[in-house]
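Take a look at the structure below.
Only heavy atoms go into these numbers, but all of them, side chains included; no hydrogens, no water, no symmetry mates.
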Protein chains: 2
Amino acid sequence: MARKKNSSADVTGPRIRAAALRLFARHGYAAVSMRQIATEVGVQAGTLYLYTPDKQSLLFDLMQQHMQDLLAELAILPPATTPLADLENFTRFHIRFHQARSDAVFISYMELRNLEPANFDRIEALRRDYEAHLVTILARGKAAHVFELPDTKLATFAVIAMLTGVNTWFREGGRLSLDAVEEIYWQMVRKAVGA
Amino acid sequence: MARKKNSSADVTGPRIRAAALRLFARHGYAAVSMRQIATEVGVQAGTLYLYTPDKQSLLFDLMQQHMQDLLAELAILPPATTPLADLENFTRFHIRFHQARSDAVFISYMELRNLEPANFDRIEALRRDYEAHLVTILARGKAAHVFELPDTKLATFAVIAMLTGVNTWFREGGRLSLDAVEEIYWQMVRKAVGA
DNA sequence: GTCTATATCAGGATAGAC
DNA sequence: GTCTATCCTGATATAGAC
């Protein structure tokens with residue numbers, strides 16, 4: 001079926017989401033007005049409502065998309081043959097993926113409290129899926145006696161917190177390349193789990 | 001000099017700050033109105049302005065107080081005789097202190113972007129003072145060859161992120177006591193720094 | 001020291017012209 | 001598909017009564 005020639009709907013929608021992502025990350029969901037988002041995109045405030053039913057949906061869609069992307073990318077990671085290699089893959093993947101989408105990461109961790117309960121539950125479920133992946137890796141390594149872990153669940157929390165923390169300070173063009181950071185963190189993770 | 005008999009100024013001020021702390025932590029600075037704070041305290045909105053010049057000062061004061069408390073408590077930690085003992089003290093202190101003030105911690109990490117630039121700089125300086133303390137411990141241990149660290153600064157970030165992460169999941173009365181959590185995290189920190 | 005009342009402004013969202 | 005205009009609500013902050 002032919003598309004309308006001058007339709008900009010396909011470009012305006014994504015631009016609205018991109019602007020909202022940027023602004024929510026910089027200033028926080030509650031502090032950003034629909035007018036600001038519209039100005040950033042170069043349309044009037046009313047126009048936004050052609051693309052989203054309301055502000056809350058805009059936030060939820062951004063977070064859901066981020067978590068789904070995260071899980072999708074994780075799912076296509078080449079499988080490793082040992083728990084140690086699995087953990088290394090996960091570590092490097094987590095740092096790289098999160099660094100490439102720092103705005104979305106920021107929002108997904110900071111704006112949970114601005115989600116309506118039903119939306120919150122759905123995002124939390126996705127986050128738990130992601131955690132579960134690391135839990136599995138650590139549990140396998142522990143069972144195989146290659147990891148020494150007092151508590152698998154806490155090790156999962158610790159590793160994820162540690163890796164996500166990279167986003168708070170890493171800046172492209174700084175003292176260390178992302179490759180170097182990956183390597184250093186991997187060494188710390190490896191040691192932390194007793195491998 | 002005699003105080004006024006029925007003055008409740010000394011109690012209203014702290015109650016306002018306590019309410020603001022709670023509400024900012026739950027819903028975020030931008031999402032909380034002065035009316036909500038006033039309602040929580042049981043006064044009218046206008047009354048708040050007898051105790052704070054504006055909403056921004058209220059946020060800044062809470063964050064500054066938190067950071068100053070943190071540094072003050074850190075300063076009176078009994079000094080240890082080895083870098084390893086120093087690191088253990090720091091680890092346990094960080095977990096305990098942050099757990100006891102989870103609202104203030106939450107705000108101090110999440111609401112930085114809602115500070116006016118001058119206020120932001122002052123809070124950041126305090127945060128760097130705190131980090132510097134851990135940097136020193138790690139650098140000493142590295143110099144004494146009791147820690148094996150590819151990068152002292154990154155290890156500092158990693159340890160603080162890991163420890164602060166406890167606040168995102170720990171709940172009193174859960175599976176593990178705070179003592180147990182402290183112990184498990186200490187083991188992970190110890191290994192991560194190669195000790 | 002606190003309240004009531006209000007000035008002033010900006011927010012989310014909608015209706016209808018083009 | 002976008003804009004203009006607007007409704008309604010609720011925000012911060014202040015003035016002045018009690």
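- Within the structure, every pair that satisfies the salt bridge (charged side-chain N to carboxylate O under 4.0 Å, His left out) test and touches residues 157-176 of chain B, not counting sequence neighbours, is listed here: A/Asp151-B/Arg175.
- Partners of A/Ala18 according to the side chain to side chain contact (heavy atoms under 4.5 Å, CB included) rule, which considers only residues two or more places apart in sequence or in another chain, do not exist here.
- Between the side chain of A/Thr47 and the backbone N or O of A/Val43 there is no donor-acceptor pair closer than 3.5 Å.
- Annotation: the terminal axes of the helix from C/dG1-D/dC18 to C/dC18-D/dG1 meet at 0°, where each axis is the rotation carrying the C1' atoms of four end pairs onto the next four (5 pairs per end, rounded to 10°).
- Every residue two or more places apart in sequence or in another chain that forms a side chain to side chain contact (heavy atoms under 4.5 Å, CB included) with B/Ala180 is listed here: B/Leu176, B/Ser177.
- Rounding to whole angstrom units, OH of residue B/Tyr51 and C1' of C/dC3 are separated by 13 Å.
- As a whole-Å value, the separation of B/Arg15 CZ from C/dT2 P is 10 Å.
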Please tabulate, for side-chain N and O atoms in residues 63-77 of chain A, each donor-acceptor pair with protein atoms closer than 3.5 Å (sequence neighbours left out).
{"unit_1": "A/Gln65", "atom_1": "NE2", "unit_2": "A/Asp69", "atom_2": "OD1", "d": "3.1"}
{"unit_1": "A/Asp69", "atom_1": "OD2", "unit_2": "A/Arg101", "atom_2": "NH1", "d": "3.0"}

Exercise for the section: Indicate for each nucleotide in nucleotides 6-11 of chain C, in 5' to 3' sequence, whether protein heavy atoms under 4.0 Å reach the base (B), only the sugar-phosphate (S), or nothing (-). Expected result: -----B
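- Shown here are the side chain to side chain contact (heavy atoms under 4.5 Å, CB included) partners of B/Ala161, two or more places apart in sequence or in another chain: there are none.
- Applying the side chain to side chain contact (heavy atoms under 4.5 Å, CB included) criterion to B/Thr136, with sequence neighbours excluded, gives B/Arg140.
- If you take CD1 on A/Ile160 and CE on B/Met162, they are separated by 13.0 Å, rounding to the nearest 0.5 Å.
- Between A/Thr12 and the phosphate of D/dT2, there is a side-chain N or O to OP1/OP2 separation shorter than 4.0 Å.
- Contacts between residues 40-50 of chain A and DNA chain D, defined by a heavy-atom separation below 4.0 Å, involve A/Gly42, A/Val43, A/Gln44, A/Thr47, A/Leu50, listed by number.
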With a 3.5 Å cut-off and sequence neighbours excluded, list the donor-acceptor pairs that the side chains of residues 21-28 of chain B form with protein atoms.
{"unit_1": "B/Arg22", "atom_1": "NE", "unit_2": "B/Glu40", "atom_2": "OE2", "d": "2.9"}
{"unit_1": "B/Arg22", "atom_1": "NH2", "unit_2": "B/Glu40", "atom_2": "OE2", "d": "2.9"}
{"unit_1": "B/Arg26", "atom_1": "NH1", "unit_2": "B/Asp103", "atom_2": "OD1", "d": "3.2"}

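- Atom CG of A/Leu23 and atom C1' of C/dG12 are 16 Å apart (whole Å).
- Note on residues 122-167 of chain B: pairs passing ring pair (Phe, Tyr, Trp, His ring centres under 6.0 Å), not counting sequence neighbours, are A/Trp169-B/Phe157, B/Phe90-B/Tyr130, B/His94-B/Tyr130.
- Between the CG atom of A/Asp54 and the C1' atom of C/dT14 there is a distance of 13 Å, given to the nearest Å.
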Atom pairs and distances, side-chain donor-acceptor, residues 188-195 of chain A, under 3.5 Å, sequence neighbours left out:
{"unit_1": "A/Arg190", "atom_1": "NE", "unit_2": "A/Gln187", "atom_2": "OE1", "d": "3.1"}
{"unit_1": "A/Arg190", "atom_1": "NH1", "unit_2": "A/Ala195", "atom_2": "O", "d": "3.2"}
{"unit_1": "A/Arg190", "atom_1": "NH2", "unit_2": "A/Gln187", "atom_2": "OE1", "d": "2.6"}
{"unit_1": "A/Lys191", "atom_1": "NZ", "unit_2": "B/Glu148", "atom_2": "O", "d": "3.0"}

